[in-house]
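Atoms within a ligand are numbered from 1 in the order they appear, just like the ligands themselves. Note that the coordinates shown come from a computational prediction; the quantities given were computed from them, not determined experimentally.
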Amino acid sequence: MNSNVLKLLNEQIDKEGYSSYLYLSMASWAEGQGLPGIAAWLYAQSDEEREHMIKIIRFVNERGESAIVPGHKTPPASWKDVPTLFAEVLSHEQYVTASINNIADACLQNKDYTTFNWIQWFVSEQIEEESNAQGIMDYIRHMSPNGLLLLDKQIMKMRGEE
Ligand code: FEO
């Protein structure tokens, strides 16, 4: 595998792993705030990010390279309020999308069409992840000042856990 593509994939393993811990910390905070729907959404999101990390680890190893399993910096432990938290989710996903696009770009520049084909799954996944976070931000923008518990119920429904 091209060394630059490999380096970017190993960095992406770290980013997906950190995303998992970031959302886990957010889930724990939301649970402590008495918001079970938002907590459930974030716990599930954290699990998905861990799956993304493992998907990349296994791909790198399948291609005959050695994936690097990272340690992570400690994520924040608290947020000012729920809108601030979801604004961070959206901007974090936009950051991940830019990172995935950068890998796709490096694949083309280095003629690694196998990895380019494989990374398309992540390109599509990021459309969904950004759209979910954006949908919640839209809801927050239009909710009444006392709408937090309703938002919590709504998010619980999005995960089908009600
Ligand atoms: Fe795996 Fe939400 O990026």
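In Y139, the OH atom is crowded: over 12 heavy atoms of neighbouring residues, nucleotides or ligands sit closer than 6.0 Å. More than 12 heavy-atom neighbours from other residues, nucleotides or ligands sit within 6.0 angstrom of CZ on R63.
Counting just the N/O/S atoms of H52, the one with the shortest distance to atom 1 (Fe) of ligand 1 is named ND1. Atom OE1 is the N, O or S atom of E129 at the shortest distance from atom 2 (Fe) of ligand 1. Sorting the N, O or S atoms of E49 by how far they are from atom 1 (Fe) of ligand 1 puts OE1 first.
Note: L35 CG to L42 CG = 10.0 Å, rounded to the nearest 0.5 Å.
In summary, no N, O or S atom of E125 is located under 2.8 Å from atom 2 (Fe) of ligand 1. Not a single N/O/S atom of E16, whether from backbone or side chain, sits less than 2.8 Å from atom 2 (Fe) of ligand 1.
Ion pairing between D47 and R50 fails under the 4.0 Å rule for side-chain N and carboxylate O. A salt bridge is absent between R58 and E62: the closest approach of a Lys/Arg side-chain nitrogen to an acidic carboxylate oxygen does not fall below 4.0 angstrom.
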